[in-house]
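So that the names make sense, note that chain A is the first sequence line, chain B the second, and so on, each numbered from 1.
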Amino acid sequence: MCALTFTSESGDPRPAIRGPAGPKPVSPEHRDQLGRSRALLWRLWRNPLGFLGMLVIVGWVAVAVMAPLLAPYSPILPDMAHRLVPPEPAHLLGTDQYGRDILTRILYGSRLSLSVGLLSVGISFLLGVPLGVAAGFFGGAIGQLIMRAMDVLLAFPSLVLAMALAVSLGPGLTSAMIAVGIVGIPDFARLSYGQVLSVREREFVESSRAAGASNLTIIWRAILPNILSSLIVRATLGLGFAVLTAASLSFLGLGAQPPSPELGAMISGGRDYIISGQWWLATFPGLAIATMVLGFNLTGDALRDILDPLATRRKG
Amino acid sequence: MASYVLKRLLYLLPTLFGVTVVAFVITRILPGDPALMVAGQQVSQATLEKVRASMGLDKPLLTQYFFYLKALLRGDLGFAWHTGHPVLRDLLTYFPATVELTLTSLLIALVLGIPLGVASATKSGGLLDHLSRVIALVGVSMPIFWLGLVLISVFFVTLRWVPAPMGRLSFAVGPVPSYTGSVILDSLLSHNWAALRDGLMHLLLPSIALSTGTLAIVMRMTRASMLEELGKDYVRTARAKGQREALVLYKHTLKNALIPTVTVIGLQIGMLLGGAVITETIFAWPGMGRYVTESIMATDYAPVQGFALLSAFLYAIINLGVDILYGFLDPRIRYS
């Protein structure tokens, strides 16, 4: 997943460009009234790249939710009378080799990509964070064992591991989702492990221990809230990675199977038509993936600048 | 230094052991019948039973792992029935093409990424800096398979600047004698300039497609570590001495700033190996990656598992090399 971890504003002043909506600066009094998450959204809004990223994500989510309302045709049913029609008013992005409207398929495909992304990151998060937190909090032999196991998973190139897992689980979108989820586990585990180590000895943890709180309460009340911001950054960047990897698996024939309107599978299907000049079959689904992933990366990058300026500097 | 290298080598062993365990778990414990994978889908029940017995699948798991390890030590990565060869033999046949592609991509990423990173660090906050950040973000967001297809569509289909995206050499040029396995080096060695030109043109698009993600990372990494180094006292001293700026940047600062970049290069090898699977598929590049996708298409899965294991080994060994290099570049690492 290292592919998506950018280092950005390393100690230099924040870009002077304002977001398109450029709202006025908030007064300190006003900021105090805002809740933590609202304040976060506010700062994201005022960060030009974060604003752009959020705009893209919100746009894609809206498209995915409203796909049946927006789509002019069926995403699956062939229409052999209109095969390989180039982009024109009736088919804005053209049709594929079975006469299916590409715009329609992209609209439905965004549902698949977003849900696969969310579920995969959910798997990585729900398995990786508890493992990392347990290893960091309790330490000892078990902790060592967990972290060494994570190192071993990281020893595989991520796409290659995802391929091997997807093959064993049997090709299909669910397998791809699980495979991508498993590949992401060590990233979350390592991050939460490191974070727990850094907050474990802090005063607020000591004080809850002194107050007689159980381990679980300490983790839940004192530790998790303090490592959450790094996890959110990682999850946002992880979404981009998951969408991209799942699409790659589908492209290789290990994810969604035809006639599913999955974006990677659509590119794979349109591949042979590039040489004969029918560029629209593969180009538009690719643009869809690229913008979706860019949205997550922009937001994740901006979130890191906002939540974790020190980490950005430390990592260089 | 010797003890440092030795220590690193010792660290490698448990990782390699773990890798074999994971590879074993993936093939044996996950749902899906490994005998079916080895024998292929279209075989009779009796053959399947035979394969099952020959693979030791009727034995306890630990015994099975032991067999698996023993086979691995003999270099047995399974059998690819769609080619009719042992997987390892196939992988080694396709190995040089993959090495040529990934190394060229890495070279492109470094040659472009490091100077661009330095330039955006020195003009931090300027137009070039913003531009490079956007390019980097777009670079890692683009699916490689899509970029490859767009490159083909523009530079082959429309402009006809490059030969057909099929393999490493055109048929008209014919094969070159194989000394190193690299078409470029072999055509240089045999003074076959037509083949050299043709080979380079074939290599151009796939290596560009594969390099973009790495280029983006190298660029951002160099920028970030340059910025950090430029703020240090020795740079100020060098400048105060009246040292020329180019000398300050490239002689004093870059040398230190490159240390984190070296680590990133090691990590990028994994990404390049994964990306090679996709790039080779699109450009019909006869490497290990295309072999793996062809196996997937033929529902022949032993090569996929074999490739995963081999690439994890390669990845671990390359990172060992990087670690050693790192200790060489930065003596502090050796003694910590």
Side-chain angles (χ1 to χ4, degrees), chain A residues 2-4 6-8 10-13 15-17 49 148-149 151-153 155-165 167-171 240 244 247-248 251-254 264 267-268 270-271 274-275 277 279 282-283 285-287 289-291 293-294 296-298 301 312-313 315-316, chain B residues 14-15 18-19 21-23 26-27 30-32 37 124-125 130 133 136-138 140-147 149-150 152-153 156-157 213 217 220-221 223-225 227-228 231 260 264 267-268 270-271 273-275 277-278 281-282 292-293 296-297 301 304-305 307-308 311-312 315-316:
Chain A
C2 60
L4 302 169
F6 267 125
T7 41
S8 42
S10 177
D12 55 340
I17 317 162
L49 292 182
R148 290 296 81 75
D151 286 348
V152 168
L153 282 182
F156 288 87
S158 47
L159 182 62
V160 179
L161 181 62
M163 284 169 60
L165 284 166
V167 155
S168 287
L169 293 167
L244 207 52
S248 306
F251 176 79
L252 292 171
L254 289 170
I267 298 176
S268 175
R271 213 180 111 197
I274 292 267
I275 301 286
W279 51 271
T283 306
L287 272 177
I289 300 177
T291 50
V293 177
L294 185 65
F296 289 124
N297 283 348
L298 282 171
D301 228 28
T312 310
R313 291 193 65 174
K315 286 175 195 157
Chain B
T15 309
V19 163
V21 173
V22 170
I26 290 176
T27 40
L30 292 179
M37 281 189 194
S124 158
H130 285 301
R133 184 178 190 183
L137 273 165
V138 172
V140 293
S141 303
M142 263 187 307
I144 271 194
F145 46 98
W146 180 67
L147 178 64
L149 292 173
V150 169
I152 292 176
S153 172
F156 169 65
V157 180
I217 308 261
R220 297 310 292 179
M221 196 70 206
R223 172 189 179 275
S225 50
L227 275 178
E228 189 152 344
V264 168
L267 295 174
Q268 283 304 303
M271 215 175 92
L273 279 172
V277 177
I278 289 169
T281 308
I282 291 166
V292 168
T293 26
I296 294 173
M297 298 300 163
Y301 293 147
V304 186
Q305 315 289 11
F307 175 66
S311 53
Y315 191 24

Side chain, backbone, both or neither: which part of A:L287 has an atom under 4.5 Å from a heavy atom of chain B?
both

What residue, out of B:G275, B:A316, B:P143, has the most heavy-atom pairs lying under 4.5 Å from chain A?
B:P143

Under a 4.5 Å heavy-atom cutoff, which of B:T15, B:V22, B:V21 has the most pairs with chain A?
B:V22

Interatomic spacing from OG in A:S158 to OH in B:Y315 - rounded to 0.5 Å
7.5 Å

Do A:F251 and A:R271 have side chains that get closer than 4.5 Å, going by heavy atoms?
yes

For A:N297 and B:V140, run side-chain contact (heavy atoms from CB on, under 4.5 Å): C-alpha distance rounded to whole Å, both residues' side-chain angles, the deciding distance at 0.1 Å, then the answer.
CA-CA 9 Å; A:N297 283 348; B:V140 293; 3.6 Å; yes

Side chain A:S248, main chain A:L244, donor-acceptor under 3.5 Å:
yes

For B:T293, which atoms come within 4.5 Å of any heavy atom of chain A: side chain, backbone, both, or neither?
side chain

Go through the structure and list residues passing side chain to side chain donor-acceptor pair (under 3.5 Å) with A:T291, not counting sequence neighbours.
A:W60

Worked verdict on B:V304 versus A:L254 for side-chain contact (heavy atoms from CB on, under 4.5 Å):
CA-CA 11 Å; B:V304 186; A:L254 289 170; 5.6 Å; no

If one checks every heavy atom of B:V157 against chain A at 4.5 Å, the contacting part turns out to be side chain

The reported gap from CD1 in B:I217 to CE in B:M271 (rounded to nearest 0.5 angstrom) is 5.5 Å

Out of A:L153, A:D151, A:I275, A:L161, which one racks up the most heavy-atom pairs below 4.5 Å with chain B?
A:I275

For A:A164 and B:I26 the tightest heavy-atom approach is O-CG2, 3.7 Å

Contact part of B:V292 toward chain A, heavy-atom cut-off under 4.5 Å: side chain, backbone, both or neither?
side chain

In terms of heavy-atom pairs under 4.5 Å with chain A, the winner among B:L147, B:I282, B:V264, B:I152 is B:I282

Chain A contacts, top residue of B:G231, B:P14, B:S153, B:S311 (heavy-atom pairs, under 4.5 Å)
B:S311

Heaviest contributor of heavy-atom pairs below 4.5 Å to chain B, chosen from A:I289, A:L298, A:I274, is A:I274

Contacting region of A:P171 [heavy-atom separation from chain B under 4.5 Å]:
side chain

The interface call for B:I296 against chain A, heavy-atom contacts under 4.5 Å, is side chain

Taking every non-hydrogen pair under 4.5 Å, which of B:L273, B:V277, B:V150 racks up the most with chain A?
B:V277

From CE (A:M163) to CD (B:Q305), nearest 0.5 Å
9.5 Å

